[in-house]
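Below is one structure, written out as structure tokens; the observations come after it.
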Number of protein chains: 2
Amino acid sequence: MSAVSSTVNIGRPRAFDVDTALEKALEVFWRKGYDGTSLSDLTEAMGINKPSLYAAFGNKEQLFLKAIELYESRPCSFFLPALEKPTAYQVAEHMLYGAAMNMADQNQPQGCVVVQGALSCSEAAATVKEALLNRRVDGEHKLRARFEQAKLDGDLPVSADAETLARYLGTVLQGMAIQANNGATSEQLRQVAEMTLQAFPRAG
Amino acid sequence: MSAVSSTVNIGRPRAFDVDTALEKALEVFWRKGYDGTSLSDLTEAMGINKPSLYAAFGNKEQLFLKAIELYESRPCSFFLPALEKPTAYQVAEHMLYGAAMNMADQNQPQGCVVVQGALSCSEAAATVKEALLNRRVDGEHKLRARFEQAKLDGDLPVSADAETLARYLGTVLQGMAIQANNGATSEQLRQVAEMTLQAFPRAG
DNA sequence: AGATATGTGTACTTAACGGTATATAACCCT
DNA sequence: AGGGTTATATACCGTTAAGTACACATATCT
């Protein structure tokens, strides 16, 4: 009960770094989707064998879910900071420009794994599909709550519909993920962001 | 050389209707994506056995491509008519409201198979992925050409950027597909359409 | 040094995958 | 009625899928 094993390194040490292996797994899932990714794809990219993968991450499904967590904390790290901007308009602005930069970044797969990781998929992928859906919906709830706060703060007109604003923004952000897959550049997505903001109410 | 066999019904007749079988196949691909759909899924939904499927449609890939053609002529039939509206604004209006109605229609799978049929996928799906990508890009080119015409017609300001307008619209339309998968209703998508139009230039 | 604990690589299992060979059934034409 | 032609159902093919058993390697602890 008292021994916490993780601090003491007993037994043979791992021959690979768990975090970098997870990054590699994320990249594969991102490019190929859950259904399109095989364990061979994963082990090859991660540079490990299947027993090591299962020992470290559980199974394919759990590996995917862990990769998504990593995604939200690293490659897609613009969302939460944008929420903290002082006004609703600035929140939208930073969100849209952040997405434009991020989703077409040539140093990583195009688009957003939360959108494209398991959109239409087999029954075997039902769990991860739902996990992604929940994250998309949750992101919009956060936006909505932020906009409701903005109404209280007086930087959004009281007549504004926070829910619709959040859904509009969510729609464009998710659409940008498809656009990036279509080959759109960050600059082209920036122009979309600019147009999107024209429909966005400014001062209250 | 002279005999056109398709009119004369020689040999054992088909025990199924090709068009309705294709509709069933489309529905499965739409819900599960190309990678997520197995031949068993298809034959079960279509009510036929594998040899019949292969004889009538070639293979899985060709069946998918035929299903997409059907999709564009039937379940997603709002796009081309919208292009023919008299002004750019009306084009955008009909496109957006048509999509809002269509993508959340409860009588068919949610979203758009051209968006979600093979977004992130295995290498085995590379051909169909590219086919879908080409259709998305082609749709945007049609929109752009329509808006350039509108500038000549004088119902869009000459200062308007047809390419960006088309991409903005494409982004929202594709985002709506994700929204529908998220569970958004047609009414909620209509509100998004309304907001989208607020950024759209009206008379020239 | 030896017991204990953990990780690694190879080889395996079971099930499902996409696709097909084959025998039979159902039609047209003469 | 019988030959020619096409569709059907069953049973099968080779391959790959996800997941694991097992023998061995490498560490810590006493």
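Below, read A as the first sequence line, B as the second, and so on, with proteins coming before strands; counting in each chain starts at 1.
For the 3.5 Å distance criterion, the side chains of B:Q179 and A:E140 qualify, holding a donor opposite an acceptor. With 3.5 Å as the limit, one finds no donor-acceptor pair spanning the side chains of B:N49 and B:S52.
The phosphate of D:dT16 has neither OP1 nor OP2 within less than 4.0 Å of any side-chain N or O from A:S40. In terms of phosphate contacts, B:N49 brings a side-chain nitrogen or oxygen within less than 4.0 Å of OP1 or OP2 of D:dA9. Contact check, A:S52 against C:dT8: a side-chain N or O comes under 4.0 Å of OP1 or OP2.
For the pair B:R14 CZ and D:dT5 P, the computed distance is 18 Å after rounding to whole Å. Taking atom OH of B:Y34 as the reference point, atom C1' of C:dC17 lies 12 Å away to the nearest angstrom. Between the CG atom of A:D35 and the C1' atom of D:dA18 there is a distance of 13 Å, given to the nearest Å. Atom CG in B:L53 sits roughly 11 Å away from atom P in D:dT8 (whole-Å rounding). Distance CZ (B:F16) to P (D:dT6): 15 Å, rounded to an integer number of Å. Taking atom CG of A:L42 as the reference point, atom P of D:dA17 lies 11 Å away to the nearest angstrom. The distance between atom CZ of A:F57 and atom C1' of C:dG7, rounded to the nearest whole Å, is 13 Å. For the pair B:N9 CG and D:dT6 C1', the interatomic distance rounds to 11 Å; values are reported in whole Å.
Judged by distance alone with a 3.5 Å cut-off, a donor-acceptor contact links the side chain of A:R12 to the base of D:dA25.
Listed candidates were C:dT6, D:dT5, D:dA18. Nearest to the side chain of B:I10 is D:dT5. Taking the side chain of A:P51 as heavy atoms from C-beta on, and the options C:dA21, C:dG19, C:dT10, the nearest nucleotide is C:dT10. Closest contact between the side chain of A:L39 and the listed nucleotides D:dT10, D:dG19, C:dT8 involves D:dG19. In the set D:dG19, D:dT26, C:dG18, D:dG19 carries the atom at the smallest distance from any side-chain atom of A:K60. Nearest nucleotide to the A:K50 side chain, out of D:dA9, C:dG19, D:dT20: D:dT20. Side-chain proximity of A:N59 to C:dA21, D:dT28, D:dG19: nearest is D:dG19.
Crowding of A:Q198 atom CD: a count of heavy atoms from other residues, nucleotides or ligands under 6.0 Å exceeding 12. Atom CD of A:E187 has more than 12 heavy atoms from other residues, nucleotides or ligands within 6.0 Å. Within 6.0 Å of NZ on A:K24 lie no more than 12 heavy atoms contributed by other residues, nucleotides or ligands.
The residue A:P13 sits close only to the backbone: its heavy atoms come under 4.0 Å of sugar-phosphate atoms, none of a base. Within the nucleic acid shown, B:S122 has no heavy atom closer than 4.0 Å to any nucleic acid atom. Using a 4.0 Å heavy-atom cutoff across all strands shown, A:A55 reaches no nucleic acid atom at all. Among the atoms of the strands shown, none is found under 4.0 Å from any heavy atom of A:T43.
Residue whose closest nucleotide on DNA chain D sits further toward the 5' end, between B:A15 and B:G11: B:G11.
Taken to the nearest 0.5 Å, the CG atom of B:L165 stands 4.5 Å off from the CE atom of A:M195.
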